[in-house]
Amino acid sequence: FQKGLEYAERAIEFRKQLKKGPGPFFMAYWAKGAHEMALGNLSAAENSFRQSLNSALEVAKEKSKPTTIVKEAPYEILLANGYLALVQIAQGNTMAKKTFEDVITACEAMKDISADAKEEAEICLDQLRYVHSKIA
């Protein structure tokens, strides 16, 4: 996990140097947060997941897509909100449980939109439920 964290940090630096837009930063900050969380650095992971969410929000706004937790929201919005809620739950924030449940509900409803949406929803659900099982 330490090596993964180092690579995620390098990815963020490369994206900055290359002046990439918010889309590539969404994934890089998500990866950084996932490794920080696995290493038990929950405060840093929360910050990284918040940055991931901020990048996802920018992309959604640019594309005139929903930025809230609804089934029509982009996959990135749901995943970022889900991981942010998970790290907050791991830190004892009971309010984050509602956010996590809302994300799960939105992902379940997303499956009915299209075949592509169903595939994205299942990927999101699998990840979030797995991590939730590890922290519960």
Side-chain angles (χ1 to χ4, degrees):
F1 291 115
Q2 185 59 44
K3 187 58 104 176
L5 175 58
E6 292 169 15
Y7 284 124
E9 289 171 340
R10 287 176 57 195
I12 291 167
E13 287 307 311
F14 288 140
R15 282 162 170 77
K16 287 178 182 176
Q17 290 174 17
L18 295 170
K19 296 180 172 61
K20 294 289 184 177
F25 280 97
F26 156 76
M27 187 56 67
Y29 278 112
W30 170 85
K32 183 178 181 205
H35 287 90
E36 290 166 333
M37 191 172 181
L39 290 166
N41 191 346
L42 302 181
S43 173
E46 182 175 3
N47 183 52
S48 294
F49 288 139
R50 194 172 307 282
Q51 290 177 291
S52 177
L53 176 58
N54 289 340
S55 295
L57 290 168
E58 284 184 54
V59 172
K61 287 175 188 171
E62 287 174 1
K63 295 180 178 180
S64 298
K65 299 287 184 180
T67 58
T68 57
I69 301 171
V70 295
K71 71 178 183 178
E72 299 84 7
Y75 160 85
E76 295 84 357
I77 293 291
L78 298 176
L79 188 70
N81 274 292
Y83 269 93
L84 182 56
L86 284 169
V87 77
Q88 291 170 340
I89 291 167
Q91 294 177 91
N93 179 339
T94 57
M95 299 295 290
K97 290 179 184 177
K98 169 84 168 87
T99 301
F100 182 76
E101 291 167 3
D102 290 347
V103 169
I104 295 299
T105 300
C107 286
E108 286 291 350
M110 185 180 175
K111 290 181 187 181
D112 296 331
I113 296 174
S114 69
D116 287 343
K118 181 178 180 180
E119 186 177 328
E120 288 182 338
E122 288 175 349
I123 292 168
C124 190
L125 286 166
D126 287 347
Q127 286 187 48
L128 295 176
R129 287 179 173 149
Y130 176 78
V131 174
H132 186 260
S133 75
K134 294 296 182 189
I135 66 168

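The chain is numbered in sequence order, starting from 1. Because the structure is a prediction, the values reported are computed rather than measured.
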**Request:** For residues T67 and K61, report the shortest heavy-atom separation together with the two atoms involved.
**Result:** CG2-CG, 3.8 Å

**Asked** Any side-chain heavy atom of C124 sitting closer than 4.5 Å to one from M110?
**Response** no

**Message:** Salt bridge check, R10 against E6: does any charged N sit closer than 4.0 Å to a carboxylate O?
**Reply:** no

**Asked** Looking at CD1 of I113 and CD of E72, how far apart are the two atoms once the value is rounded to the nearest 0.5 Å?
**Response** 5.5 Å

**Asked** Same cluster or not: are V103 and I135 linked, directly or through other Ile, Leu, Val, Met, Phe, Trp or Tyr residues, by side-chain heavy atoms under 4.5 angstrom apart?
**Response** yes

**Request:** Take K32 and E13, measure what salt bridge (Lys or Arg N to Asp or Glu O under 4.0 Å) needs, and give me the verdict at the end.
**Result:** CA-CA 12 Å; K32 183 178 181 205; E13 287 307 311; over 6 Å; no

**Prompt:** Do side-chain atoms of R15 reach the backbone of A11 as a donor and acceptor pair under 3.5 angstrom?
**Reply:** yes

**Item:** Nearest-0.5 Å distance, CD of residue Q2 to NE2 of residue H35
**Value:** 10.0 Å

**Item:** Evaluation steps, side-chain contact (heavy atoms from CB on, under 4.5 Å), between Q17 and F14
**Value:** CA-CA 5 Å; Q17 290 174 17; F14 288 140; 4.1 Å; yes

**Request:** Quick one: sort the F100 and H132 rings into parallel, tilted or perpendicular, breaks at 30° and 60°.
**Result:** parallel

**Asked** Can you check whether Q51 reaches I12 side chain to side chain, under 4.5 Å on heavy atoms?
**Response** no

**Prompt:** Can you tell me how far CE of M27 sits from NZ of K20, rounded to the nearest 0.5 angstrom?
**Reply:** 14.5 Å

**Nearest heavy-atom neighbours spanning I69 and A106** = CG2-CB, 4.0 Å

**Prompt:** Same hydrophobic cluster for L57 and W30, using side-chain heavy-atom links shorter than 4.5 Å among ILVMFWY?
**Reply:** yes

**Message:** Are M95 and L86 linked, directly or through intermediate hydrophobic residues, by side-chain heavy-atom contacts shorter than 4.5 Å (ILVMFWY only)?
**Reply:** no

**Message:** Is there a side-chain contact between M37 and V131 in this structure, where contact means two heavy atoms from C-beta onward sitting under 4.5 Å apart?
**Reply:** yes

**Request:** State yes or no: do F49 and F1 share one hydrophobic cluster built from I, L, V, M, F, W and Y residues joined by side-chain heavy-atom distances below 4.5 Å, directly or via other members?
**Result:** no

**Asked** At their closest point, which heavy atom of L128 faces which heavy atom of I104, and how far apart are they?
**Response** CB-CD1, 4.2 Å

**Prompt:** With side chains defined as the heavy atoms from C-beta onward, is the minimum distance between Y75 and I123 less than 4.5 Å?
**Reply:** yes

**Prompt:** Which atoms form the tightest heavy-atom contact between A80 and L53, and what is the distance?
**Reply:** CB-CA, 3.6 Å

**Fill in**
A60 and P74 have their tightest heavy-atom pair at CB-CG, 4.0 Å

**V87 to L42 - nearest heavy-atom pair and separation** = CG2-O, 3.5 Å

**Request:** Report the C-alpha separation of R50 and Q88 in whole Å, then their side-chain angles, then the decisive distance to 0.1 Å, and conclude whether the side-chain contact (heavy atoms from CB on, under 4.5 Å) test is met.
**Result:** CA-CA 11 Å; R50 194 172 307 282; Q88 291 170 340; 3.4 Å; yes

**Candidate pair K16 and F25, rule side-chain contact (heavy atoms from CB on, under 4.5 Å), full reasoning** = CA-CA 9 Å; K16 287 178 182 176; F25 280 97; 3.8 Å; yes

**Prompt:** Can you get from V59 to L84 by hopping between Ile, Leu, Val, Met, Phe, Trp and Tyr side chains that sit under 4.5 Å apart?
**Reply:** no

**Message:** Please report the interatomic distance CD(Q127) to OH(Y83), rounded to the nearest 0.5 Å.
**Reply:** 4.0 Å

**Complete:** Separation between NZ (K98) and CG (D102), nearest 0.5 Å, reads 3.5 Å

**Request:** Keeping the roles fixed (side chain from S52, backbone from F26), state whether a donor-acceptor pair exists under 3.5 Å.
**Result:** yes

**Request:** Show the numbers, then the answer: is there a side-chain contact (heavy atoms from CB on, under 4.5 Å) between L78 and E120?
**Result:** CA-CA 10 Å; L78 298 176; E120 288 182 338; over 6 Å; no

